[in-house]
Asks: 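One structure follows; several queries about it will come next.
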Amino acid sequence: MRRQWSVIWAITRKDIGVWLRQPAAIGVTLLPPLGLILVMFLSAAAVGRNPIALVVQDRGPYAGQLVNILEHADAFVVHPATADQARRGLANLDVEAVVTIPTSFDAAYIGHRPDPVTIQINNLNLDFTNDLRRSLPAAIAAFYAAQPNDPIAVRVLESDLRAQDIGIVQFNLVPTLVLLLTIAGIVNSGLATAREWEDQTIKELLLAPVPRSSLIAGKILAGWLTALLVGLIVFGIAAAAGLLRPQGIYWLPTLATVALVALASVGLGVTLGALFRRFTVVSGLGINISFYLFFLSGGISVAAFLPTWVQAIAHFIPTYYGAHALQMAIFYSSSDQLGRDLLVLVGTTVVTLLVGIYTLNKRAAVV
């Protein structure tokens with residue numbers, strides 16, 4: 001038994017050492033998900049708060065209150081401007097809209113007369129346009145709500161299901177972490193397996209006086225540890241930044257989910273490596289399969305808000321359950337449907353490992 005563990009550990013150390021010495025393998029693992037994270041940050045910066053030019057033609061106290069509300073609203077990035085500057089900014093796409101508070105604002109408000117605040121929108125993008133169409137009336141309603149003689153008698157009573165709000169980048173980091181684990185498991189174990197055929201070292205391994213089961217176990221363990229190393233480093237950085245930080249006992253389901261996603265991906269990677277036995281083929285297939293799993297499991301949004309056909313497919317994608325378990329544990333300190341999620345992940349792990357072991361055994365038998 002001790003000899004078998006020595007063989008397994010030797011294979012594991014060898015594969016991890018080779019991976020660490022190959023920048024191409026590290027790049028194939030890290031660059032796709034890191035690129036996606038960068039795109040998410042840039043997209044959130046573009047749509048989170050809309051830049052507007054604010055033209056203030058009335059310097060009265062009520063106009064000043066409205067300006068203060070607009071400047072502190074989460075929906076806008078306010079750029080004070082003259083009318084000419086605002087017109088040029090809108091034409092040059094420096095701002096998405098021009099909001100003008102007219103010279104008669106205070107007098108009209110005091111006299112209970114119609115008091116228009118105008119907005120000129122560059123409606124080149126419906127998403128941005130609708131944000132602005134909703135945000136300015138909301139700011140004006142907030143202005144009236146702050147007045148002692150508020151004429152608006154209607155109030156919105158908000159009741160949140162969750163105890164805290166989660167930003168879009170923070171929320172999307174979880175499925176991206178699952179994507180990273182998937183790529184790391186599939187690609188690294190697949191490349192480690194395919195490399196044995198490309199370098200013709202598979203014959204040496206099979207002729208060595210050691211059980212084939214130890215060789216296979218070493219391959220799987222190496223891929224799993226590599227995927228965990230990559231995933232835990234990224235997760236640790238996100239936790240240190242306060243973006244992904246489970247509380248108390250919820251570290252346990254978080255780590256269990258990470259371990260299962262990584263191990264299931266390793267089984268699939270071993271299968272691809274044994275089937276195709278080429279570095280470029282396995283890396284290309286591994287990345288593509290990982291991204292298909294990411295998108296079809298609702299990785300770019302909340303799966304329940306996506307088209308019906310995507311929702312139907314997502315429930316057959318194991319990474320959907322991994323992302324759900326992590327989101328519940330990390331963001332909401334909840335075990336909602338945790339049993340279901342872990343059961344699916346355990347079943348997927350068992351199936352992919354059995355298929356990977358069978359494929360590798362069968363290919364090795366004909367060398």
Side-chain angles (χ1 to χ4, degrees), residues 1-33 180-231 233 259-291 293 348-367:
M1 189 65 170
R2 181 180 297 178
R3 183 167 178 269
Q4 287 182 336
W5 277 110
S6 298
V7 172
I8 292 171
W9 184 238
I11 297 293
T12 300
R13 282 189 294 121
K14 188 265 294 183
D15 280 357
I16 294 176
V18 171
W19 179 77
L20 290 173
R21 292 193 298 272
Q22 288 198 333
I26 297 175
V28 166
T29 303
L30 296 178
L31 290 180
L180 175 65
L181 291 168
T182 307
I183 291 179
I186 293 177
V187 171
N188 291 320
S189 58
L191 294 183
T193 304
R195 192 184 298 114
E196 304 294 357
W197 269 273
E198 280 203 342
D199 297 343
Q200 297 298 312
T201 53
I202 186 66
K203 294 181 179 179
E204 298 176 7
L205 290 175
L206 295 176
L207 290 173
V210 295
R212 187 177 299 173
S213 60
S214 299
L215 301 178
I216 295 173
K219 288 288 180 189
I220 292 173
L221 182 59
W224 190 40
L225 291 178
T226 304
L228 285 178
L229 175 65
V230 172
I233 288 175
L260 287 171
V261 171
L263 190 54
S265 304
V266 167
L268 184 54
V270 169
T271 302
L272 293 177
L275 282 176
F276 297 101
R277 296 169 289 175
R278 290 290 181 271
F279 189 100
T280 53
V281 176
V282 172
S283 60
L285 276 175
I287 292 174
N288 278 287
I289 289 173
S290 299
F291 270 97
L293 293 174
T348 303
T349 301
V350 171
V351 170
T352 58
L353 287 178
L354 289 177
V355 172
I357 291 169
Y358 171 79
T359 307
L360 187 54
N361 238 328
K362 187 174 181 181
R363 285 293 189 184
V366 297
V367 172

Asks: Under 3.5 Å, which donor-acceptor pairs link side chains of residues 215-223 to any protein atom two or more places apart or in another chain?
Replies:
unit_1: Lys219; atom_1: NZ; unit_2: Asp15; atom_2: OD1; d: 3.3
unit_1: Lys219; atom_1: NZ; unit_2: Asp15; atom_2: OD2; d: 3.2
unit_1: Lys219; atom_1: NZ; unit_2: Ala192; atom_2: O; d: 3.1
unit_1: Lys219; atom_1: NZ; unit_2: Glu196; atom_2: OE2; d: 2.3

Asks: Minimum heavy-atom separation for Ala227 to Ala262, with atom names?
Replies: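 That closest heavy-atom pairing would be CB-CB, 3.9 Å.
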Asks: How far apart are the closest heavy atoms of Thr29 and Trp19, and which atoms are they?
Replies: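 Closest heavy-atom pair between Thr29 and Trp19: OG1-NE1, 3.8 Å.
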Asks: Let me confirm one number: the CG-OG1 distance from Leu191 to Thr226, rounded to the nearest 0.5 Å.
Replies: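 Atom-to-atom, Leu191:CG and Thr226:OG1 are 10.5 Å apart.
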Asks: I need the minimum non-hydrogen distance between Ile186 and Ser290, along with the two atoms involved.
Replies: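 So the minimum-distance heavy-atom pair works out to CD1-OG, 3.7 Å.
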Asks: Nearest heavy-atom pair of Arg277 and Ala274: which atoms, and what distance?
Replies: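 That closest heavy-atom pairing would be CG-O, 3.4 Å.
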Asks: Please report the closest heavy-atom contact between Gly267 and Leu353, naming both atoms and the distance.
Replies: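 Minimum heavy-atom contact is CA-CD2, 3.9 Å.
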Asks: With side chain to side chain contact (heavy atoms under 4.5 Å, CB included) as the test, would you mind laying out the steps for Val270 and Thr359 before giving the verdict?
Replies: CA-CA 8 Å; Val270 169; Thr359 307; over 6 Å; no
Asks: Could you give me the CA-CA distance, side-chain angles and deciding distance for Leu272 and Ile289, then say whether side chain to side chain contact (heavy atoms under 4.5 Å, CB included) is met?
Replies: CA-CA 11 Å; Leu272 293 177; Ile289 289 173; 3.9 Å; yes
Asks: Donor-acceptor pair, Thr352 side chain versus Ala264 backbone, under 3.5 Å?
Replies: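 Looks like yes, one N/O pair under 3.5 Å.
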Asks: With side chains defined as the heavy atoms from C-beta onward, is the minimum distance between Leu180 and Leu30 less than 4.5 Å?
Replies: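 Yes; the side chains approach each other to less than 4.5 Å.
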Asks: So how far is it from Leu285 CG to Thr271 OG1, rounded to the nearest 0.5 Å?
Replies: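 If we round to the nearest 0.5 Å, Leu285:CG and Thr271:OG1 are 12.5 Å apart.
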Asks: Nearest 0.5 angstrom please: Asn188 CG to Ile26 CD1, how far?
Replies: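 So the CG of Asn188 and the CD1 of Ile26 are separated by 8.5 Å.
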Asks: Looking only at non-hydrogen atoms, find the nearest pair between Ile183 and Pro33 and report the distance.
Replies: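 Closest approach of Ile183 to Pro33: CD1-CD, 3.8 Å.
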Asks: Measuring from Ser214:OG to Ile11:CD1, what's the distance to the nearest 0.5 Å?
Replies: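 Going from the OG atom of Ser214 to the CD1 atom of Ile11 covers 9.0 Å.
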Asks: Taking atom CH2 of Trp224 and atom CG of Leu229, what is their separation to the nearest 0.5 Å?
Replies: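 Answer for the CH2-CG pair, Trp224 versus Leu229, is 13.0 Å.
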Asks: Rounded to the nearest 0.5 Å, how far does CG of Leu225 lie from CD1 of Ile16?
Replies: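 Spacing of CD1 (Ile16) from CG (Leu225) equals 5.0 Å.
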